Amino acid sequence: LSKGFRTNGSSMELGECIQNTGFHEDDETEDAVGGDEENRTSTVKMSPGREEDTYTQIKPYAGMPKEVLLLYSVQARYRLPREILFWLTIVCTLALVALTITVIVMSPRCLSWWQSSPVYQIYPRSFKDSDSDGIGDLKGILDKLDHFQYLNIKAIWISPFYKSPMKDFGYDVEDFRDIDPLFGSMQDFDDLLAAMHDKGLKLIMDFIPNHTSDTHQWFNLSSSGHAQYKDYYIWANCNTTHAPNNWVSVFGNSSWTYVEERQQCYYHQFLKEQPDLNFRNPHVRREMTEILRFWLEKGVDGFRMDAVKHILEAKHLRDEPQVDPQQDPDTIDTEFELHHDYTTTQLGLHDILQAWRGEMDVYSREPGRYRFMVAESYDYEETDKTMMYYGTPYVKESDFPFNFYLMDLPTNLTGTGAQGLVNLWMANMPVGKWPNWVVGNHDKPRISSSVGQEYIKVINMLLLTLPGTPTTYYGEEIGMMNINVTIDEIQDPFGKFNPVSNASRDPQRSPMQWSDGPNSGFSDANHTWLPLHPHHTTVNVEAQQKDSGSVLSQYRALSLLRQAQLPLHRGWMCYIWSDADVFAFLREIDGLDKAFLVVLNFGADSVINLSAITELPEQLTLHMSTKQENYGMPVIKSSIATARGEGLLLEYSTHMRFNPGHASQCFVSEKACYLGVLDILYKC
C-alpha cells in the first residue's frame, strides 16, 4: 500500500489503493452529489461523531454492510414494493383461510361407508365350505371376497359364528368370545377380518344381547343358585304344571321352563335352550358391554343388534292381554294370539341401546373407522316403535333400524302397493335420518319365490335406486329361489315345532350357487347340510358373469351406477306416478342438470303419459332396462312403455327441478346442492 493505514488517535482513514470503486475520499464524493439517482452518493459514519471516519457509496452492492443496507431499505423505491408484497401475502392468506372455513361450513357431511355401499348378508352355513364337511365356514368366506369387489359392495354382514350348540344355528350362544369349530377358529376370523380390511371391505357382526344358550357358563351358575349369577337370568316361582303367567315364546308354547335344581322357572322368548338375560341387573349390562368392546378391539366395523325389542320385560310379570278375549286361555300357544304389552319395547330399552352406541362412538374416533350399528326389530304395523331406534335429535342410537316393510311386496305387488310400502318408511322416518331397504333375510322366504323370478330384476332396481342403503341377502344378486324341504329334511327348530305349517326357514337357507359343478361349487363334500335348488346348473354366479343381461350383471351395473351418480346416492326422491301396474319416481339434486326417472312395472304391460310433469323434458334417454338392450335410445315422456316386471332407468338433462314445487311428494335425508364451477357439493 502507498499509504497503508494511518492511525491518528482513534481515527481511521481509507488508503488510496483500495480497489473497490465504490469507495472514494471525502473530497471526491462532493462532486458526485447532485447527480442522477443512479450516481447519487451517501455518506456513512463508521464511528459515530467523527467526520473523518466516513465513506461514500454510489449504489447497493453484494456484501454491503448492515449500515448501508438499512440506509437503502428506507428509500421509497425499495420500501414500497416490499410493503406491497407483505400486505398482499397477508390478504391472500386470510382469504385462503376464510375460503377454507367457508367450504368446511358449507359442505354437506360426507357419506359414511354404510351409506355409500349396499350391505350384503352372509348366512355362513350356506355361503362357502372350505373343509368339505358340507357346511360353510369363515375360510370359505375368505375364498370368495373377490365376489364383493365384483359387485362393488363394501359392507358385509355375517350371521352368527359364535361358539354354540346350534339349537338355533348360532343364535344360542355358549361363548361370546369364541368361534364355533364348525366355522373355524379365532385365527380364521382374524385372517378374514385382516383380508377384508386389505380389500377395503367392512365387517358387520351379529350381536345377540337378549339371550344365551342354556349351556353358557352364566346359565349353569345361575341355575345352581350361585350368589353372583343367580339374577343373570329371569327367574320366577312356579311348578311343573303352572307357569308364572301366560307369556308365549316366539317359537310357540309357554315361554317358561322349570328347573328342578333351582325349583323355579326361567323365561325364554325363543327356544327353551335360549334363556333370556336379565338386563335389569347392572352386572349383565356390564358383561355385555365388555363383549362389545372385545370385538371392537379386534377391529369389527359394526354390529347388527339382534331382537332388540325383547331385551327387557315388565317386572310385574302380569298376563298379557289376549287378541281375542273370547279365546280359551288354555289354547293360546302362538305369539300372535297375545298383545305383547309386557314383553317387548319396555321402558329403559333405548337407554341400553344408547349406551352401546356411546361405546361404539369411542371406537369411531379413529379416522376412517366409523363403527356402524343397526337394530333389528319386527314391529309390523307399529311403525312409530321402529322409528324410535333412530334415537332423538339429542341422543344418538342406531344408524338405522332395519326396514322390513318391502318384505310385504308379495301381497302388495302393484305400482300403488310398492309406493305405499316405500312411503310407509319415508313418511314416518325422522327428518334428516337415513333410510334402508330389505326384501329378504334368513328368516323370511326369498323374494324371487314369493313374487316370481320375472320380478327379481325390477325389485333389485327398486332397491338400488331408492335413497338409502339397500341390504342384499346372499343369492338375491343371482335370483336364487327357495328349495323344497321334506319333513324328514327339516333342520330349522322353528320348522320342527310345527312341520306341517310351512314355518321352516330352511328353504331360504340353501347353499350358495357358485357354478354348475358338483354341489354348485359350494362344497366338495358328498352331502351338503341342506339340498341345492335344482336350477343351480343355470342360476349361478359363474354363468351369470358371462351373460350381460343376467340378474347378476344388472345388479353389478346398478351398484356401480349408484356410487357414480350423485342424484342416485344422495339426491332427492320424488314420487311422480303410481297405478295398478307402475311405480315411478325421480332422483335429482339441486344445481346438477343431470337427473334420473325410474319407472318400475309390478303388474301388466303398461304405457304411461307423463306430459303433465312440466319439469321433465319431452325426450329422455334410456340408460338401462331390465328387459331391453337398446340402451341410449330416446324415450318420449308422453308414451313410456314397460312390460310386466320391467324396470327402466331414464336419464335426462334439465335446469328445472321438481322438488321445489312438490314438497309433499319429495324426500331427502340431507339437502345438498351441486356447484358445477368448482365441482363441489354445498349445503343449501
Side-chain angles (χ1 to χ4, degrees), residues 103-105 107-122 145 148-149 151-158 189-190 192-207 209 288-306 308 350 352-376 389-403 429-438 467-472 559 562-563 566 568-570 668-672 681 683:
V103 169
I104 292 173
V105 171
S107 294
R109 182 178 55 85
C110 294
L111 296 185
S112 188
W113 56 267
W114 54 273
Q115 297 172 304
S116 60
S117 166
V119 173
Y120 188 102
Q121 182 191 356
I122 292 176
L145 292 184
F148 308 119
Q149 292 188 302
L151 293 175
N152 192 43
I153 287 174
K154 304 294 190 297
I156 317 300
W157 157 32
I158 306 178
F189 171 81
D190 292 338
L192 173 61
L193 183 60
M196 290 180 66
H197 287 169
D198 286 345
K199 292 178 179 289
L201 305 175
K202 304 293 186 179
L203 173 60
I204 303 167
M205 281 181 62
D206 255 319
F207 184 62
M288 297 308 289
T289 300
E290 287 299 324
I291 290 167
L292 268 181
R293 291 174 182 156
F294 173 82
W295 293 103
L296 289 168
E297 289 285 349
K298 278 189 165 290
V300 169
D301 300 290
F303 291 97
R304 167 192 174 265
M305 300 297 184
D306 178 69
V308 291
H350 294 281
I352 295 171
L353 295 174
Q354 289 162 10
W356 287 339
R357 174 70 264 176
E359 287 292 332
M360 296 175 69
D361 284 343
V362 171
Y363 289 86
S364 297
R365 293 171 184 167
E366 182 181 350
R369 293 301 310 277
Y370 181 80
R371 309 305 173 96
F372 167 69
M373 176 176 164
V374 55
E376 183 230 19
Y389 295 105
Y390 275 114
T392 71
Y394 309 103
V395 183
K396 190 176 178 183
E397 200 165 315
S398 65
D399 292 294
F400 55 69
F402 269 136
N403 171 10
M429 183 178 68
V431 174
K433 297 300 182 180
W434 189 259
N436 72 104
W437 314 97
V438 180
T469 299
T471 297
T472 294
S559 179
R562 177 182 179 274
Q563 181 185 40
L566 274 175
L568 291 179
H569 71 256
R570 70 178 308 155
V668 69
S669 289
E670 184 177 357
K671 188 177 179 182
L681 288 174
K683 295 178 183 177

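What you see is a predicted model; the values in this text were computed from it and never measured. Each residue takes its place number in the sequence, starting with 1.
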Can you tell me how far [atom2] of [Y] sits from [atom1] of [X], rounded to the nearest 0.5 angstrom?
X      : Y      : atom1 : atom2 : answer
Thr472 : Leu151 : OG1   : CG    : 8.5 Å
Gln115 : Arg109 : CD    : CZ    : 4.5 Å
Trp114 : Asn436 : CH2   : CG    : 9.0 Å
Glu297 : Tyr363 : CD    : OH    : 3.5 Å
Met196 : Ile158 : CE    : CD1   : 5.5 Å
Phe189 : Lys298 : CZ    : NZ    : 6.5 Å

Problem - All side-chain hydrogen bond (donor to acceptor under 3.5 Å, both in side chains) counterparts of Arg304, not counting sequence neighbours - result: Asp206, Asp306, Glu376
Problem - Sequence-distant partners of Arg357, side-chain hydrogen bond (donor to acceptor under 3.5 Å, both in side chains), two or more places apart - result: Asp361, Tyr370, Asp399
Flag the pair [X] / [Y] as yes when at least one side-chain heavy-atom distance between them is below 4.5 Å, and no otherwise.
X      : Y      : result
Ile122 : Phe148 : yes
Met373 : Phe207 : no
Asn403 : Val438 : no
Leu192 : Leu145 : yes
Pro108 : Arg570 : yes
Arg562 : Asn152 : no
His197 : Arg369 : yes
Leu566 : Leu681 : yes

Problem - Step-by-step side-chain contact (heavy atoms from CB on, under 4.5 Å) determination, Met205 to Leu193 - result: CA-CA 11 Å; Met205 281 181 62; Leu193 183 60; over 6 Å; no
Practice task
Under the ring pair (Phe, Tyr, Trp, His ring centres under 6.0 Å) rule, what do Trp295 and Phe303 come out as? Steps first, then yes or no, please.
Solution key: CA-CA 10 Å; Trp295 293 103; Phe303 291 97; 8.1 Å; no
Which heavy-atom pair separates [X] from [Y] by the least distance, and what is that distance?
X      : Y      : answer
Leu201 : Ile153 : CD2-O, 3.3 Å
Gly468 : Trp437 : CA-NE1, 4.3 Å
Leu111 : His569 : CD1-CD2, 3.4 Å
Pro435 : Pro467 : CG-O, 3.3 Å

Side chain [X], main chain [Y], donor-acceptor under 3.5 Å:
X      : Y      : value
Ser364 : Met360 : yes
Ser669 : Lys433 : yes
Ser398 : Tyr389 : yes

Exercise for the section: List the steps and the verdict of side-chain contact (heavy atoms from CB on, under 4.5 Å) for Tyr120 and Trp157. Expected result: CA-CA 6 Å; Tyr120 188 102; Trp157 157 32; over 6 Å; no
Practice task
Determine, step by step, whether Asp301 and Phe372 satisfy the side-chain contact (heavy atoms from CB on, under 4.5 Å) criterion, reporting the C-alpha distance in whole Å, the side-chain angles of both residues, the deciding distance to 0.1 Å, and the verdict.
Solution key: CA-CA 6 Å; Asp301 300 290; Phe372 167 69; over 6 Å; no
